[in-house]
Amino acid sequence: MDDLLREFLTETNESLDTVDVELVKFEQEPNNARILDNIFRLVHTIKGTCGFLGLPRLEALAHAAETLMGKFREGAPVTQEAVSLTLQTIDRIKGILADLETNEGEEPKGDDRDLIAQLEAMSLAGDAAKSEAKKAPPEPAKKKETAGTLVLQVLERELRPGEVSLDELERAFRETESEVVIPSDEAEAAPAPGIDFSRVAAEIEARMKQVGGEPKVEKAAKPAEADADAKDEGKGSVATQSIRVNVETLEYLMTMVSELVLTRNQLLEIVRRHEDSEFKVPLQRLSNVTAELQEGVMKTRMQPIGNAWQKLPRIVRDLAQELGKQIELDMIGAETELDRQVLELIKDPLTHMVRNSADHGLERPEDRKKAGKSEKGVIKLSAYHEGGHIIIEIADDGRGLSLERIKQKIIENGLASEAELEKMSEGQIFKHIFAPGFSTAAKVTSVSGRGVGMDVVRTNIETIGGTVDLKSVAGKGTTFTIKIPLTLAIVSTLIVESCGDRFAIPQLSVVELVRVQSNSEHRIERIKDTPVLRLRNKLLPLVPLAHLLGLETDQSKSEDEGFIVVMQVGNVTFGLVVDGVFHTEEIVVKPMSKMLRHITMFSGNTILGDGSVIMIVDPNGVASAIGTAIVSEVVDHKQAEASRAIDHDAKISMLLFRAGSPEPKAVPLSLVTRLEEFEIEKIEHSNGRDLVQYRGSLMPLVYPNYDVHRREEGTQPMLVFSDSGRSMGLVVDEIVDIVEESLDIQVGSDVPGILGSAVIKGKATEIIDIGHYLPLAFEDWFKRKEISSAALTRKLLFIDDSAFFRNMLGPVMKAAGFEVTVCASATEAMRLLGEGSRFDVIVSDIEMPVVNGFEFAEMLRRDARFKTTPIIALSALCTPASIERGRQSGFDEYVAKFDRPGLIAALKEITSPDYGIAA
Amino acid sequence: MTANDLNPGVAANDTLSGQIQYVTVFIGGQLFGLPIHKVHDVFVPESMTRVPLSANEIAGVLNLRGRIVTAINMRRRLGLPLREGSHGIMAVGIEYRGESYGLIIDEVGEVLNLETSGREPNPANLDRRWAEISGGVHRLSGQLMVILDVERVLGRMMDNMAA
């Protein structure tokens with residue numbers, strides 16, 4: 001292909017992109033002559049060049065489009081159809097251009113008579129409309145004599161030397177006007193009427209000189225385009241300062257600089273080994289120069305993100321039409337720069353997400369009106385720098401994601417069980433929209449809803465080391481946040497060692513480093529064989545890097561000494577155990593050989609300063625290898641306080657241990673605050689009971705039974721339970737395991753301290769009733785009486801904002817024969833009820849944030865559906881006044897929180913058949 | 001698999017004179033020949049980095065004048081016992097599908113100029129692993145030289161990777 005044609009293709013494509021954007025703008029402000037002129041000029045240029053290059057098809061199309069544009073200029077009304085048709089024409093032109101490029105300059109065969117005919121018809125219609133318009137008196141507003149109405153126009157950047165601001169130009173016009181006799185033609189005359197151009201030119205030149213630049217305006221003879229040209233002149237002056245460079249050239253330059261950086265690193269490494277080297281000073285210089293060169297070359301690769309957004313206004317416009325919605329696209333920070341490679345990679349995901357927002361996110365105008373919002377939906381696209389990252393946000397003010405629909409879909413697709421869902425936070429549930437084949441769109445439109453997309457979006461973003469997150473508020477809208485590195489070429493990494501091999505971990509995902517030693521504050525602990533680390537009151541799951549990579553570990557070395565690289569990938573946090581940590585190094589990522597590309601643990605490799613090759617660990621690969629097991633564990637720890645519900649087949653984490661007998665015992669893990677081992681010497685006796693000093697206070701020890709082996713030496717394992725500042729240690733023989741099982745107490749128990757027996761891991765296991773032991777430690781914790789089970793299984797809704805009581809009383813009520821659903825707040829309960837869940841009895845806490853128990857009961861009583869449902873209040877506050885308040889609010893019973901026998905009795909009474917529930 | 005595979009893969013590269021130059025190498029005592037135009041360089045592999053979780057035959061990656069080279073242990077590839085110690089090993093650098101590879105061998109021999117007519121197809125009873133990567137056999141005086149078909153040595157490995 002010859003250079004001329006290539007130049008033409010590049011330029012025309014750029015012009016067309018501009019035309020796209022301008023046309024959409026034009027449709028919104030059909031009276032803006034400046035935009036129209038701009039479009040007209042661009043189309044005209046395309047037409048001209050096509051004729052020159054001998055491209056008849058393109059020329060004919062451009063000509064037809066230009067004619068239509070001309071009619072607009074002459075005053076023909078701008079209709080949506082006309083704009084659509086023009087856009088269609090532009091698309092056709094683009095298609096032909098693409099073919100031109102692949103066919104080495106051969107114009108593809110084809111017929112455009114269809115489009116041209118339409119364009120011509122439109123032009124004729126325009127003519128007719130125009131002649132009608134002519135009969136009407138000429139619009140004075142079109143004339144520029146009304147100089148006073150001119151709006152201050154702002155160029156979006158600072159003026160460069162040699163440029164004149166638009167205002168200057170305008171003023172030049174106005175100041176010359178007064179002496180001019182205007183031979184105003186018909187209405188079709190361009191917005192600015194005749195002017196003494198030479199005067200304008202002189203005026204401008206004079207002003208230019210004041211600014212100190214060279215005279216630039218040569219085309220002042222064309223006033224119609226003057227203000228558009230002013231902008232153009234600006235562009236022109238930039239053009240003289242910039243040249244087009246082939247992308248390949250830049251890429252090559254980048255590669256070379258990367259090599260230079262590597263070599264520099266190598267040299268630095270060598271000099272580091274030689275104390276007094278005469279190379280030191282020149283090398284330092286070389287190093288600085290290299291760094292600057294690197295920065296400079298990186299800069300050439302930087303492009304404003306606006307380039308990736310260019311097509312969006314058009315897409316959104318088309319979508320809005322197709323979907324019958326009104327959409328405003330707000331773009332903020334289009335000038336934010338990022339590496340062009342990254343730019344290319346996020347283009348498609350961005351487009352997809354904007355489409356999604358338009359299609360799923362925003363409601364139809366009538367729905368918006370109903371919801372009290374303006375009919376026009378807004379999609380806000382913003383970009384900004386933050387650290388070494390660029391953050392892109394796509395926000396809509398639509399309906400937000402439907403939690404229920406997503407949940408339903410998750411279950412349908414088998415991505416998680418209902419029980420697992422209950423444990424998840426909203427954010428985690430929302431994240432499922434990034435799962436493959438996931439679409440909640442009720443109906444499939446041509447735009448979206450086919451379930452391909454969001455997973456691809458995520459994959460694309462993750463391959464460039466980015467993350468995507470979302471927030472959604474029902475009725476308020478959804479915001480996606482994309483965080484991506486500025487560049488892919490050079491990455492800062494942490495060099496670590498595992499089993500004698502070195503690996504590089506991208507700093508991006510490293511949160512902190514922890515040194516562990518068996519005798520220090522931070523040490524690796526094990527639950528069964530799973531290593532964990534206590535880090536600021538959280539349990540961090542650990543994975544030795546050696547295990548992940550299948551390296552043979554040196555048996556002689558203690559597994560408990562080393563470093564933990566705390567990493568965060570998405571919202572999963574875990575610790576990678578390594579043997580050593582060296583330093584950080586800026587590395588140039590090189591792709592791995594095809595032979596190695598299947599190894600998901602690595603994202604690439606590179607040459608270090610010392611000349612050796614090192615593998616770069618892929619945090620995403622590691623996170624997914626660690627798998628859902630840890631993810632869910634992390635979730636457990638993170639969300640311990642978050643809402644969770646236990647229904648009859650919900651799985652909960654149980655801690656298995658042995659105490660006194662070989663049969664395993666179990667307790668819900670969420671109740672256990674910590675697992676501790678105390679030196680026997682630390683156990684003190686006072687006032688007839690065993691105590692240990694624990695975190696600055698005395699913690700009473702309780703033995704589940706007399707058979708628990710009281711060790712003479714070494715350490716004694718125990719489970720620590722804490723609630724509101726008090727702790728109790730339950731002494732056990734051995735901690736066995738943590739399992740996920742559904743807690744289904746099949747056989748009740750008369751033995752105090754045991755709720756009953758359940759099958760856990762195929763074995764009959766005694767479920768310990770912690771409620772029994774707590775008063776043993778502190779008498780006022782609460783008392784216990786054996787649990788009576790009601791014969792009938794009734795559905796019970798239990799609301800309590802304290803996780804402790806939820807976990808405590810949930811099983812108690814379950815053991816009493818109820819099918820218990822637990823909610824962490826009244827609002828959550830209301831949502832459940834609103835969705836149609838029905839319960840035979842409701843037990844609610846009183847002191848809760850947002851909506852308290854009284855308000856909740858009042859609300860229920862107001863609803864006919866729940867008028868007769870028994871509601872029991874559960875409160876720590878049991879004054880006659882509050883009991884009275886409870887009655888007024890509509891509670892049937894008022895039970896003190898620690899009075900569990902009272903609760904059971906009340907439940908029994910209320911749900912007995914003769915109570916007469918309309919269940 | 002096409003009928004072409006019946007012929008040695010090097011056939012297309014025969015010179016006009018009907019002669020072809022081979023770089024000979026020894027692997028486990030056996031003489032192998034690589035068509036000379038396939039051989040980029042011969043080097044002593046140094047400071048190799050092993051790659052966890054990679055295929056058995058991959059000895060590691062190393063830096064060869066600023067390029068990252070994937071080293072293939074040819075003994076492993078051929079199912080031969082491994083050599084004791086790493087002393088004196090050599091590698092033949094080749095390019096394959098735009099990437100650099102190093103075939104780790106025991107020793108490099110001389111360059112031979114052989115008549116294409118002296119080449120024979122693989123004996124039918126040749127070990128399957130060998131037959132897979134051999135482009136035929138040359139009868140030399142005193143010994144046989146197995147033609148190492150680079151495309152097959154690496155191509156098969158990649159196929160396995162994809163599988």
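Computed over heavy atoms, backbone and side chain alike; hydrogens, waters and symmetry mates excluded. Numbered from 1 within each chain, the chains take letters A, B, ... in sequence-line order.
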Take atom CZ of B:R129 as the centre, draw a 6.0 Å sphere, and report whether it contains more than 12 heavy atoms from other residues, nucleotides or ligands. yes
Distance (rounded to the nearest 0.5 Å) between A:M615 CE and B:R50 CZ: 12.5 Å
Could you name each residue pair satisfying ring pair (Phe, Tyr, Trp, His ring centres under 6.0 Å) that touches residues 114-136 of chain B, not counting sequence neighbours? B:F32-B:W130
Looking only at non-hydrogen atoms, find the nearest pair between A:H598 and B:L53 and report the distance. NE2-O, 4.1 Å
Applying salt bridge (charged side-chain N to carboxylate O under 4.0 Å, His left out) to B:E46 and not counting sequence neighbours gives none
Can you tell me if CZ on B:F26 sees more than 12 non-hydrogen neighbours from other groups inside 6.0 Å? yes
Could you tell me whether A:E292 atom CD has more than 12 heavy atoms of other residues or ligands within 6.0 Å of it? no
Crowding at CZ, A:F582 (>12 non-hydrogen neighbours, <6.0 Å): yes
Under 3.5 Å donor-acceptor, A:S612 side chain and B:S47 backbone: no
Under 4.5 Å to a heavy atom of chain A? For B:Y101 that would be side chain
Applying a strict 4.5 Å limit to non-hydrogen atoms, the region of A:N605 in contact with chain B is both
Closest heavy-atom pair and its distance - B:P52, A:F602: O-CE1, 3.5 Å
Name the region of A:T263, side chain, backbone, both or neither, that has any atom closer than 4.5 Å to a heavy atom of chain B. neither
Is there a donor-acceptor pair closer than 3.5 Å between any side-chain N or O of A:K594 and the backbone N or O of B:R97? yes
With a 4.5 angstrom heavy-atom cut-off, is it the side chain or the backbone of A:I599 that approaches chain B, or both, or neither? side chain
Nearest-0.5 Å distance that lies between atom OG1 in B:T70 and atom CG in A:L596: 5.0 Å
Which heavy atom of A:V613 sits nearest to which heavy atom of B:L62, and what is that distance? CG2-C, 3.2 Å
Value rounded to 0.5 Å, distance of OG in B:S54 from CE in A:M592: 10.5 Å
Who among B:I72, B:L154, B:N63, B:T49 has the most heavy-atom pairs with chain A under 4.5 Å? B:N63
Please look at A:L608 and chain B and tell me whether the side chain, the backbone, both or neither of the residue comes under 4.5 angstrom of a heavy atom of that chain. neither
